[in-house]
J.: 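The structure's right below; bear with me while I get my questions together.
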Amino acid sequence: MKTLIVSLGQRSYPIYIGPNLIGQADLFDRHIHSSQVMVVANETVAPLYLDRVIAKLEGRQVATVILPDGESLKTMASAMQIFDELLRLKFSRNATLIALGGGVIGDLAGFAAACYQRGIPFIQIPTTLLAQVDSSVGGKTAVNHPLGKNMIGAFYQPQCVLADTTLLNTLPDRELCAGLAEVIKYGLIRDPEFFCWLEGKIEALLSRDAEALSYAIERSCANKAEVVAADERENGERATLNLGHTFGHAIETGLGYGAILHGEAVAVGMCQAADLSRRLGWLNDADVARIARLLKQARLPITPPAELDAEQFLELMAVDKKNVDGKLRLILLEKIGKATLPISVDVSLLKATLDDSVFNIK
Ligand code: NAD
Ligand code: GLY
């Protein structure tokens with residue numbers, strides 16, 4: 001097992017990465033200081049792993065909330081279901097909430113933990129690659145609003161993250177690929193050496209080589225932990241973690257939550273960000289092709305959906321947390337391995353990207 005620390009003073013916490021972590025009662029004992037525990041999971045993950053988690057919580061009052069599966073369920077109504085159950089059972093302020101699932105459950109349960117009695121402790125057990133490398137780390141919690149993704153939320157850090165790599169064995173291939181989009185993101189925004197490593201190891205990752213996957217998770221979490229420690233509330237560098245996300249969130253909202261996977265939408269968005277960076281003279285054609293090639297090798301989409309035209313994109317992109325005074329701001333790439341902070345971009349250049357992001361991959 002590897003342990004990384006997210007250094008945030010009194011709110012610092014460990015990320016444990018390794019196989020069979022949910023079988024280790026001592027990890028739970030170390031971070032749960034109450035007799036009341038609620039596990040939140042969905043109908044896909046619960047049958048696979050809930051019993052194994054509950055078995056290690058012996059001696060405590062354990063409640064569960066099992067929600068239907070899907071991004072479209074990351075709503076205030078689902079958060080209310082969690083509050084209803086916490087209140088019905090009279091769970092008190094020191095009760096611990098465990099999020100067992102992918103990013104949807106992690107964001108939702110984290111949001112519920114942040115709100116219930118103004119904040120109760122919670123633990124992240126991420127079960128998708130995307131959640132292990134990104135969403136479970138850093139304390140961003142949220143639910144979606146029909147008009148904008150993740151628009152209702154809170155910064156709220158977990159007590160620990162248990163990234164049990166064995167749980168990925170049951171993850172569908174398409175979900176694994178969606179997670180690779182966020183892994184590739186770290187290479188693009190701040191770790192050029194990792195980007196090169198990913199180019200060499202993409203086939204090993206797709207075939208779930210355990211050593212390659214563990215290394216990719218560790219390196220991704222190390223990057224994320226550094227960024228979060230430096231800028232917890234996204235006043236600066238943390239915004240770079242949103243490379244491609246303004247485009248990607250527009251795609252997710254525009255197509256309807258759940259119509260495209262988050263990681264897939266981010267992959268398209270990173271290609272659009274790369275294309276715009278080329279139009280600004282920062283990347284060259286070869287750089288853009290290299291980025292699109294790696295994402296395509298990771299079996300991710302690289303062109304925007306035909307259903308959304310430039311006008312619709314602009315409308316949807318106007319609802320974004322990075323916007324200031326109503327002005328659109330984007331994360332772009334100065335080069336592979338270095339992202340910009342959020343910047344305003346000439347609308348005609350942005351429209352050119354939205355009208356025509358075609359990638360010539362040789
Ligand atoms: P997800 O939570 O919907 O999980 C993907 C699918 O995999 C679901 O059908 C789920 O039931 C299934 N699944 C999960 N674990 C499984 C397992 N071990 N075996 C079999 N099936 C499994 O999607 P996701 O990609 O994990 O997360 C996407 C969400 O994360 C989005 O809502 C996004 O906004 C959010 N996100 C948040 C942050 C953050 O910093 N908080 C960062 C990135 C993404
Ligand atoms: N995934 C973006 C962030 O955590 O800031």
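As the structure is a prediction and not an experimental result, all values here were calculated from the model. Read the numbers this way: they start at 1 and go in the same order the structure lists the ligands and their atoms.
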J.: Among all the protein's non-hydrogen atoms, which is closest to atom 13 (N) of ligand 1, and how far away is it?
T.: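 The answer is V45 CG2, 3.8 Å.
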J.: Look at atom 5 (C) of ligand 1 and say which protein heavy atom is nearest, naming residue and atom and giving the distance to 0.1 Å.
T.: E175 OE1, 3.2 Å
J.: Counting each atom of ligand 1 from 1 as listed, which ones have a heavy atom of L48 under 4.0 Å away?
T.: 19 (N), 20 (C)
J.: Could you check atom 39 (C) of ligand 1 against the protein and tell me its nearest heavy-atom contact, residue, atom and distance included?
T.: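 I find the closest protein heavy atom is S135 CA, 3.5 Å.
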J.: Among protein heavy atoms, which sits nearest to atom 24 (P) of ligand 1, and what does the distance come to when rounded to 0.1 Å?
T.: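 Among all protein heavy atoms, the one nearest atom 24 (P) of ligand 1 is G103 N, 3.5 Å.
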J.: Assess whether a salt bridge exists between R60 and D29, defined as any Lys/Arg side-chain N lying under 4.0 Å from an Asp/Glu carboxylate O.
T.: yes
J.: Could you identify the single nearest non-hydrogen protein atom to atom 31 (C) of ligand 1 and state the distance to 0.1 Å?
T.: E71 OE1, 3.1 Å
J.: Backbone, side chain, both or neither: what part of L261 comes under 4.0 angstrom of ligand 1, heavy atoms only?
T.: neither
J.: When hydrophobic residues are tied together by side-chain contacts of less than 4.5 Å, even through go-betweens, does Y215 share a cluster with L176?
T.: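 Same hydrophobic cluster.
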J.: Looking at N42, which atoms of ligand 1 are within less than 4.0 Å of one of its heavy atoms?
T.: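 Here the atoms of ligand 1 in question are 10 (C), 11 (O).
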J.: Quick one: which ligand 1 atoms are inside 4.0 Å of a heavy atom on G102?
T.: 2 (O), 26 (O)
J.: When you measure from atom 34 (O) of ligand 1 to each heavy atom in H245, K149, Q132, which option holds the nearest one?
T.: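 Result: the heavy atom closest to atom 34 (O) of ligand 1 is in K149.
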J.: Ignoring hydrogens, what is the shortest heavy-atom contact between G18 and L21? Give both atom names and the distance.
T.: O-CG, 3.4 Å
J.: What orientation do F111 and F83 show, parallel under 30°, tilted 30 to 60°, or perpendicular over 60°?
T.: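 Because their plane-to-plane angle lies in the 30° to 60° range, the rings of F111 and F83 count as tilted.
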J.: Minimum distance, heavy atoms only, to atom 3 (O) of ligand 1: which one of V104, T170, L67, T44 is it?
T.: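 Nearest heavy atom to atom 3 (O) of ligand 1 lies in V104.
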J.: What about H245: any of its N or O atoms under 3.5 Å from an N or O on ligand 2?
T.: no
J.: Number the atoms of ligand 1 from 1 as they appear, then name those within less than 4.0 Å of a heavy atom of Y49, with their elements.
T.: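 So the atoms of ligand 1 that pass are 18 (N).
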J.: Is the count of non-hydrogen atoms from other residues, nucleotides or ligands lying under 6.0 Å from E43 atom CD greater than 12?
T.: yes
J.: Which atoms of ligand 1 are found less than 4.0 Å from any heavy atom of D107?
T.: 35 (C), 36 (N), 37 (C), 39 (C), 41 (N)
J.: Starting from atom 43 (C) of ligand 1, which protein heavy atom do you reach first, and at what distance in Å?
T.: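 Checked against all protein heavy atoms, atom 43 (C) of ligand 1 sits closest to D134 OD2, 3.5 Å.
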J.: Regarding atom 26 (O) of ligand 1: of the candidates T128, L176, V133, which has the closest heavy atom?
T.: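 Among T128, L176, V133, the closest heavy atom to atom 26 (O) of ligand 1 belongs to T128.
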J.: Can you list the atoms of ligand 1 that are under 4.0 Å from a heavy atom of N150?
T.: 34 (O)
J.: Counting non-hydrogen protein atoms only, what is the nearest one to atom 21 (N) of ligand 1? Give residue, atom name and distance.
T.: P172 CD, 3.8 Å
J.: Within the supplied structure, the quantity of interest is the number of heavy atoms (other residues, nucleotides, ligands) at a distance under 6.0 Å from M80 CE; does it exceed 12?
T.: no
J.: Counting from 1, what ligand 1 atoms have a heavy atom of D69 closer than 4.0 Å?
T.: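 The list of qualifying atoms is 8 (C), 9 (O), 10 (C), 11 (O).
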J.: Would you please classify the geometry between the Y156 ring and the F122 ring as parallel, tilted or perpendicular, with 30° and 60° separating the classes?
T.: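 F122 and Y156: parallel rings.
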J.: Quick check: does G101 get an N/O under 3.5 Å from an N/O on ligand 1?
T.: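 For ligand 1, there is no N or O atom that lies under 3.5 Å from one belonging to G101.
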J.: Indicate yes or no: does K185 engage D134 in a salt bridge with an N to O separation below 4.0 Å.
T.: yes
J.: When you look for heavy atoms under 4.0 Å from ligand 1, do you find them on the side chain of K224, its backbone, both, or neither?
T.: side chain
J.: With heavy atoms only and a cut-off of under 4.0 Å, state how K224 meets ligand 2: side chain, backbone, both or neither.
T.: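 It is the side chain that touches ligand 2; the backbone stays farther off.
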J.: Do D275 and R278 sit within salt-bridge range, that is, some charged N less than 4.0 Å from a carboxylate O?
T.: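 Looking at R278 together with D275, the answer is yes, because their closest N to O distance falls below 4.0 Å.
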J.: Taking F195 as the starting point, is it possible to reach L180 by hopping between hydrophobic residues whose side chains are less than 4.5 Å apart?
T.: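 In one cluster with L180: F195, yes.
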J.: Report, in ascending order of atom number, the atoms of ligand 2 lying under 4.0 Å from any heavy atom of D134.
T.: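 Answer, ordered by atom number: 1 (N).
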J.: If hydrophobic clusters are built from ILVMFWY residues whose side chains come within less than 4.5 Å, do F194 and L130 share one?
T.: no
J.: Side chain or backbone, does N242 bring an N or O within less than 3.5 Å of an N or O on ligand 2?
T.: no
J.: Looking only at heavy atoms, which two atoms of C221 and V137 are closest? And how far apart?
T.: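 Where C221 meets V137 most closely, the heavy atoms are SG-CG2, 4.3 Å.
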J.: For H262, which part has a heavy atom under 4.0 Å from ligand 1: side chain, backbone, both, or neither?
T.: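 It is the side chain that touches ligand 1; the backbone stays farther off.
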J.: Taking Q132 for the side chain and D164 for the main chain, is one N or O donor matched with an acceptor at less than 3.5 Å?
T.: yes
J.: Are L87 and V65 connected into the same hydrophobic cluster when the rule is that any two of I, L, V, M, F, W, Y join if their side-chain heavy atoms are below 4.5 Å apart?
T.: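 Yes; L87 is reachable from V65 via cluster members.
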J.: Would R219 and E193 pass as an ion pair if we require N to O under 4.0 Å?
T.: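 Yes, R219 and E193 are salt-bridged.
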J.: Does T141 approach ligand 1 within less than 4.0 angstrom via side chain, backbone, both or neither, non-hydrogen atoms only?
T.: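 Neither; nothing of T141 gets under 4.0 Å from ligand 1.
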J.: Which heavy atom of the protein is the closest neighbour of atom 28 (C) of ligand 1, given with residue, atom name and distance?
T.: L130 CD2, 3.9 Å
J.: Consider only side-chain heavy atoms of I, L, V, M, F, W and Y, link residues closer than 4.5 Å, and tell whether I123 and L8 are in one cluster.
T.: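 No, it is not one cluster - the side chains of I123 and L8 are not joined through contacts under 4.5 Å.
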